[in-house]
Amino acid sequence: MSCAMVLSKEITLKGHEHESKPTFNFESYMVQKAISINQALDAAIPFKGHHNKIQEAMRYSLLAGGKRARPVLCIAACELVGGTESIAMPAACAIEMIHTMSLIHDDLPCMDNDDLRRGRPSSHKVFGEAVAVLTGDALLALAFDHITSVSTMGVHPTRVVHAIKELAKSVGHEGLAAGQVADISSEGLSVSDIGLEQLEFIHLHKTAALFEGTVAVGAILGGGSNEEIEKLRRFARYIGLLFQVVDDILDVTKSAQELGKTAGKDLVADKITYPKLMGIDKSREFAEKLNKEAQDSLSGFDSVKAAPLFALANFIAHRQN
């Protein structure tokens, strides 16, 4: 199933076709949210001319497009527990800034050494390695500055601090950074050296941790209870791992033109991936299992309000780039 088909198809509230259930127009939802997010990101770093290279580099990568899945998840989680898009937007933008930072750094020659990102040259190919590193640093700093603006919207300071702490944890030594180090350390090792448990550790930290932080922050700012936040955290852990399993599959089944980034780079880097450990068919079965577990995690929430999250899980499971 193509990405366009997934987006254009009206998805039922639980993600499965059934005539008696109302449908959710995922394409319309994603388009509307993406427009709002892109406008907010553009406003967060106003263009001040090409003489400001760091700002130009920040805008180059941040506004290059992408699925905006993480900021949409933040907004959807906030709205699910009674918050609003406007309350979630500063955090949604902050999360996209952090995600973009991770992509810039991931593409560097000392990391994954990728020259293509989101269909065009990576940051370091355009601005040089030094500026690319500093651009990622600047986006990370701006993210935490930007999220504090939610304090002007009536959100209790305790929740703002809780959200900032949650986001910091997801990207630091207990989250994304830890996963990236483990990923780099796994290069060149054989299948017998790294099993599924170690591979899961890598991706629960490298990919799923930011997904967890994303929905937790949205739910915290939206006024969610501890129980709601933890249920959403479980949902995000499943879709974060799902995202990586699908990414591994696409890396060996799609072209660079289809992906908008270099294809087969995990094979070239001699990394352990799910297809390498399990095979393509078993990896696809695992992805479907993770999708089901993610959707089961949403039981108990209002099905209408949770519709975007059900649909996002399906979108991640069936994406083609």
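The basis for the numbers below is simple: all heavy atoms, side chains too, and nothing from hydrogens, waters or symmetry mates.
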From [X] atom [atom1] to [Y] atom [atom2], the distance as rounded to the nearest 0.5 Å:
{"X": "E230", "Y": "S297", "atom1": "CD", "atom2": "OG", "answer": "12.0 Å"}
{"X": "K206", "Y": "Q244", "atom1": "NZ", "atom2": "CD", "answer": "6.0 Å"}
{"X": "L167", "Y": "T214", "atom1": "CG", "atom2": "OG1", "answer": "7.5 Å"}
{"X": "Q180", "Y": "H205", "atom1": "CD", "atom2": "NE2", "answer": "13.0 Å"}
{"X": "R233", "Y": "E228", "atom1": "CZ", "atom2": "CD", "answer": "13.5 Å"}
{"X": "I87", "Y": "C78", "atom1": "CD1", "atom2": "SG", "answer": "5.5 Å"}

Is a side-chain N or O of [X] found less than 3.5 angstrom from the main chain of [Y], in a donor-acceptor match?
{"X": "H99", "Y": "I95", "result": "no"}
{"X": "R237", "Y": "E212", "result": "no"}
{"X": "N38", "Y": "A34", "result": "yes"}
{"X": "R117", "Y": "S123", "result": "no"}
{"X": "H124", "Y": "I104", "result": "no"}
{"X": "S122", "Y": "K125", "result": "no"}
{"X": "Q198", "Y": "L196", "result": "no"}

With heavy-atom distances below 4.5 Å as the criterion, would you say the side chains of [X] and [Y] are in contact?
{"X": "K169", "Y": "K165", "result": "no"}
{"X": "T273", "Y": "D251", "result": "no"}
{"X": "F235", "Y": "L73", "result": "yes"}
{"X": "S283", "Y": "D248", "result": "no"}
{"X": "I45", "Y": "L139", "result": "yes"}
{"X": "F127", "Y": "T135", "result": "no"}
{"X": "D296", "Y": "Y238", "result": "no"}
{"X": "D247", "Y": "R319", "result": "yes"}

Shortest non-hydrogen separation from [X] to [Y] and the atoms involved:
{"X": "G136", "Y": "H105", "value": "CA-NE2, 3.6 Å"}
{"X": "K231", "Y": "G300", "value": "NZ-CA, 3.7 Å"}
{"X": "L142", "Y": "A44", "value": "CD2-O, 4.4 Å"}
{"X": "M58", "Y": "A138", "value": "SD-CB, 3.8 Å"}
{"X": "I75", "Y": "A92", "value": "CG1-CB, 4.0 Å"}
{"X": "L116", "Y": "P121", "value": "CD1-N, 4.3 Å"}

Indicate, with yes or no, if [Y] and [X] share a hydrophobic cluster defined by side-chain heavy-atom contacts under 4.5 Å among Ile, Leu, Val, Met, Phe, Trp and Tyr.
{"X": "L140", "Y": "V150", "answer": "yes"}
{"X": "L41", "Y": "Y60", "answer": "no"}
{"X": "Y29", "Y": "V215", "answer": "yes"}
{"X": "L312", "Y": "I229", "answer": "no"}
{"X": "L210", "Y": "I220", "answer": "no"}

Pairing residues for Y274 by the ring pair (Phe, Tyr, Trp, His ring centres under 6.0 Å) criterion, not counting sequence neighbours: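 Testing Y274 for ring pair (Phe, Tyr, Trp, His ring centres under 6.0 Å), a comparison that skips the adjacent residues, returns H203, F286.
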S61 and L103: CA distance, side-chain angles, deciding distance, side chain to side chain contact (heavy atoms under 4.5 Å, CB included) verdict: CA-CA 9 Å; S61 294; L103 299 181; over 6 Å; no
Verdict with reasoning, R284 to T253, per side chain to side chain contact (heavy atoms under 4.5 Å, CB included): CA-CA 12 Å; R284 286 179 172 143; T253 59; 4.1 Å; yes
Pairs involving residues 210-229, ordered by first then second residue, that meet ring-ring contact (aromatic ring centres under 6.0 Å, His included) (sequence neighbours left out): F211-F243
Derivation of the salt bridge (Lys or Arg N to Asp or Glu O under 4.0 Å) call for R68 and E96: CA-CA 7 Å; R68 305 301 192 212; E96 188 62 23; 2.8 Å; yes
Audit row: E285, M278, side chain to side chain contact (heavy atoms under 4.5 Å, CB included) steps and yes/no: CA-CA 10 Å; E285 288 177 14; M278 305 170 68; over 6 Å; no
Stepwise side chain to side chain contact (heavy atoms under 4.5 Å, CB included) test for R118 and T100: CA-CA 11 Å; R118 288 173 170 169; T100 300; 3.9 Å; yes
Pair S28, Q32: side-chain N/O donor-acceptor within cut-off below 3.5 Å: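 Checked: S28/Q32 side chains show no N/O donor-acceptor pair below 3.5 Å.
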Check: N52/E56 side-chain N/O donor and acceptor closer than 3.5 Å: no
L134: partners by side chain to side chain contact (heavy atoms under 4.5 Å, CB included), with sequence neighbours left out: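 Scan of L134 (side chain to side chain contact (heavy atoms under 4.5 Å, CB included), adjacent residues dropped) gives I54, D137.
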Geometric class of the F24/F26 ring pair [parallel <30°, tilted 30-60°, perpendicular >60°]: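 If you compare the ring of F26 with that of F24, the planes turn out tilted.
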Check ion pair K292-E288 (N to O, under 4.0 angstrom): no
